[in-house]
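Structure, as structure tokens:
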Amino acid sequence: MSALLQVRGLSHHYGQRIGCQDVSFDLHPGELLCIVGESGSGKSTLLKTAAAQLAPSSGSVRYHQRDGDWLDLEELSEANRRRLAREEWGFVTQNPRDGLRLNVSAGANVAERLMAMGMRNYGQLRDIAKGWLERVEIDPARIDDAPTAFSGGMQQRLQIARTLVTQPRLVFMDEPTAGLDVSVQARILDLLRRLVNELGLAAVMVTHDLAVARLLAARTMVMQGGRVVETGLTDQILDDPQHPYTQLLVSSVLTT
Amino acid sequence: MTSNYNFAFLDENTKRMLRRALLKAVAIPGYQVPFGSREMPLPYGWGTGGIQLTAALLGPDDVLKVIDQGADDTTNAVNIRRFFARVAGVTTTERTTEASVIQTRHRIPETPLREDQILVFQVPEPEPLRTLEPREAETRTLHALADYGLMHVKLYEDIAQYGHIATSYDYPVLVDGRFLTSPSPIPKFDNPKLDHSPALMLFGAGREKRLYAIPPYTKVESLAFDDHPFEIQRWEHQCELCGSDESYLDEVVVDDRGSRMFVCSDTDYCRQRRAEQAA
Amino acid sequence: MTASAMTASAIAAPLVTAFASPMLELRGLGKSFELHHQHGARLDVLDDVELTLHAGECVVLSGPSGAGKSSLLRVIYANYRPSRGAVRVRHDGDWLDLAEATPHQVLEVRRRTLGYVSQFLRVIPRVPALDIVAEPLIEAGLSLPEARQRAGALLHRLNVPERLWRLPPGTFSGGEQQRVNIARGLIVSRPLLLLDEPTASLDADNRSVVAELLEEAREAGSAVLGIFHDEDMRDRVATRLFPMHPLQIA
């Protein structure tokens, strides 16, 4: 099986400071990869650099397009980068307020990417938006409500619907469940798990929660100080951690 | 003509800068060209952009008409007309057919324009995407990439809230199939007049320091959805003065008891029709 | 009954070893844990394990607790990383050393060749028992209705009452959870099965059902490697025992 995303020697520096350093990985179609590590370990920087939201200081990201050609993201024009980000990729932010358009209705939030792709039939847009609200367990009757009237968990589900409506092949998620109540978190994790399976999505998810990684990801990368210190099967990393930092991380988890 | 000022108030270098910007605007229909907007002897929002464009366009032989919401006799229109009569000494008129340059706020005359006429619009906000996207760098990028899905988000919201596209003025248009453009706050009733107009249309935003153009005979489309096509306003009334049933009507309250009448917003058009009927 | 079954399998065993093809080869397998935060302490749990497992046999690991039985299963499943030696698995007709395999290769082997049933069900919040059991079938490409139907049949056979199928198993009893876990582990027939005390909290009837399921799997050509503390169960399913001893602390 051939990879969907190929990351090689990727670094991003903030001036003298290291964001992430010399990271390489392959992501296969339909696979969910978790990046774990504590705050400041470079997880989000790596995610944004891989998603072409930050320019790499060195290294490369290559993406295997639907038509079979490899795309080098560094050579991508801004127009194509945006098209890719809109039509083939998705990005779910930690705070749904960053990923949503708060001054327009839930329906418009879901339909925006479709309109950007040129869909011009209001009735159709609305039907699709309703279908997606239902899929993320939001009452379709609330299609005309503003996201500001939604709870945090609903806003996050709305962001997921808005991101997945164009049926992307690859989704980047930055702590999508952090900052939510545990019960709300479980609901979103289950939803993500289901949608990833149903749609055959590939996803890279940043999380500091090892339980989330175990639940969702077959493979996990552990980051410390901007570098990947350990990578492999999620259950292997959690049950038989090799690196001192991973052992510390695993042993620090509270069990109930 | 007051001789203490340069012809048409602005100095020649400023006019040259404006003309260069205008040439660029005509070359790229709908594209917002930045220009060095000057302080004018009236406040922002009163037509500083339009006045600077008019000043750069006027020659001694031009005949100037100024309208405000279609009327020649409102404060704004009267003042600007007087201003140019004083600082440029040009002939002014209230008749659309006689004018070579027409500066307008929020209307396009009902009388069809000709190739030898220029219409100058006063524009408060040149960026049609501004209410949805506050970042200037981002809206410029969206224009550069012709990435206009956002504008449909606004139209979508209209239909979702009101059942139809409720935007009734400053209705967004796509110029020459390329640039999303604000037609300035004209009623959408006037939008069809923008399409393939024989007259050159110039737009000036003084506070925002942007000007843009729709050259003669340029395709101008009003955005819409397939199942919610663009429509203009219709009235159940006719003008109570001239009887027109195809012009844009103003509703005017005429007494303290709330009686009202509908009359043409274009005063010259109404007057000409009444003159013809009297003759 | 137990005795005759034991005799039958004792007779069958040499035949099986003689003709059936090897499915799993452990060569010089060792496992040590290095605990970086316990002053670099090193725990040796397995050393120089040699084992060949053939299609159609059921080898039961025997030995006292602390002998490394569970650890061995986890090393074979690649849940633990081997420290020394090879875990050679026959996957799609080719031999693959899981000690050297990439994570993607291991996942592929787990998907189609190597199954593992532990004592505990790792519950997924909000997912009903029926879907937990059906999931491996869906991953294998079956339609949802068909997968659910087969999952239901297996749960029924394991005496999980139908009223529980639609509920997430988080609140089930230990025995019910274990049966859901077994159903999930056995619903797709895999050529290699690892079982870590899957019957620990089951009653005699249900243990018997599991024994039947394992016999069927063997007859269908699967190789089984398991841990069963219950002696009746061990006698009933084992075709061979593999004794293990705790390592001497050096």
Side-chain angles (χ1 to χ4, degrees), chain A residues 1-4 25-34 137 177 181-194 196-198 200 202 211-212 214-221 229-252 256, chain C residues 31-43 45-46 70-71 73-83 87 98-111 114 116 118 120 122-128 131-132 134-141 143-144 147 168 170 196:
Chain A
M1 191 157 49
S2 162
L4 185 68
F25 67 89
D26 279 1
L27 186 75
H28 286 199
E31 178 184 39
L32 199 152
L33 172 73
C34 262
E137 303 172 23
T177 59
D181 289 346
V182 183
S183 58
V184 178
Q185 213 178 49
R187 189 171 182 186
I188 287 180
L189 290 175
D190 173 44
L191 183 77
L192 283 175
R193 194 177 155 277
R194 203 157 43 75
V196 164
N197 285 341
E198 276 173 19
V212 168
R214 197 192 276 277
L215 188 66
L216 294 177
R219 288 196 306 129
T220 293
M221 292 201 300
V229 295
E230 189 164 352
T231 176
L233 297 167
T234 302
D235 61 293
Q236 198 178 62
I237 283 178
L238 299 186
D239 294 337
D240 185 17
Q242 309 285 313
H243 190 273
Y245 175 70
T246 317
Q247 290 189 356
L248 182 69
L249 206 60
V250 170
S251 65
S252 310
T256 49
Chain C
K31 174 66 189 169
S32 311
F33 290 102
E34 200 178 335
L35 306 175
H36 293 284
H37 297 281
Q38 311 292 327
H39 314 290
R42 202 179 112 143
L43 276 177
V45 290
L46 298 172
S70 284
S71 295
L73 292 189
R74 283 170 169 250
V75 169
I76 297 170
Y77 194 63
N79 180 225
Y80 288 171
R81 209 174 292 217
S83 307
V87 178
L98 292 187
E100 309 268 304
T102 67
H104 286 119
Q105 283 174 319
V106 174
L107 288 171
E108 202 46 41
V109 167
R110 286 180 180 179
R111 200 157 15 240
L114 183 62
Y116 174 69
S118 72
F120 304 106
R122 203 173 279 286
V123 290
I124 303 155
R126 302 211 312 154
V127 181
D131 288 356
I132 288 183
E135 193 179 353
L137 288 174
I138 290 165
E139 275 174 23
S143 71
L144 185 65
D196 190 350

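The chains referred to below are lettered A, B, ... by the order of the sequence lines, with proteins before strands, and numbering in each begins at 1.
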Rounded to the nearest 0.5 Å, what's the gap from CD1 on I237(A) to CZ on R81(C)? Could you check?
6.5 Å

Are side-chain heavy atoms of H243(A) and H36(C) found at a separation under 4.5 Å?
no

Checking E31(A) against chain C: side chain, backbone, both or neither under 4.5 Å from a heavy atom?
side chain

P103(C) to G232(A) - nearest heavy-atom pair and separation
CG-CA, 4.1 Å

So which part of E139(C) gets closer than 4.5 Å to some heavy atom of chain A, the side chain, the backbone, both or neither?
neither

Chain C contact via R214(A) - which portion, at a heavy-atom distance below 4.5 Å:
side chain

Is L215(A) close to chain C through its backbone or its side chain, or both, or neither, when contacts mean heavy atoms under 4.5 Å?
side chain

CD-NE2 distance between E108(C) and H28(A), expressed to the nearest 0.5 angstrom:
10.5 Å

Shortest non-hydrogen contact from D190(A) to R126(C)?
OD2-NH2, 3.2 Å

I want to check something: taking the side chain as every heavy atom from C-beta on, are R110(C) and D235(A) in contact at a cut-off of under 4.5 Å?
yes

Side chain to side chain contact (heavy atoms under 4.5 Å, CB included) between L107(C) and R219(A): does it pass, once the steps are laid out?
CA-CA 9 Å; L107(C) 288 171; R219(A) 288 196 306 129; 4.2 Å; yes

Could you give me the CA-CA distance, side-chain angles and deciding distance for V106(C) and Q236(A), then say whether side chain to side chain contact (heavy atoms under 4.5 Å, CB included) is met?
CA-CA 11 Å; V106(C) 174; Q236(A) 198 178 62; over 6 Å; no

Measure distances from T234(A) to the heavy atoms of chain C and classify the residue's part below 4.5 Å as side chain, backbone, both or neither.
neither

Do K31(C) and D240(A) come close enough that some side-chain heavy atom pair is under 4.5 Å?
yes

If we define contacts as heavy-atom pairs under 4.5 Å, which of L233(A), L189(A), N197(A) has the most with chain C?
L233(A)

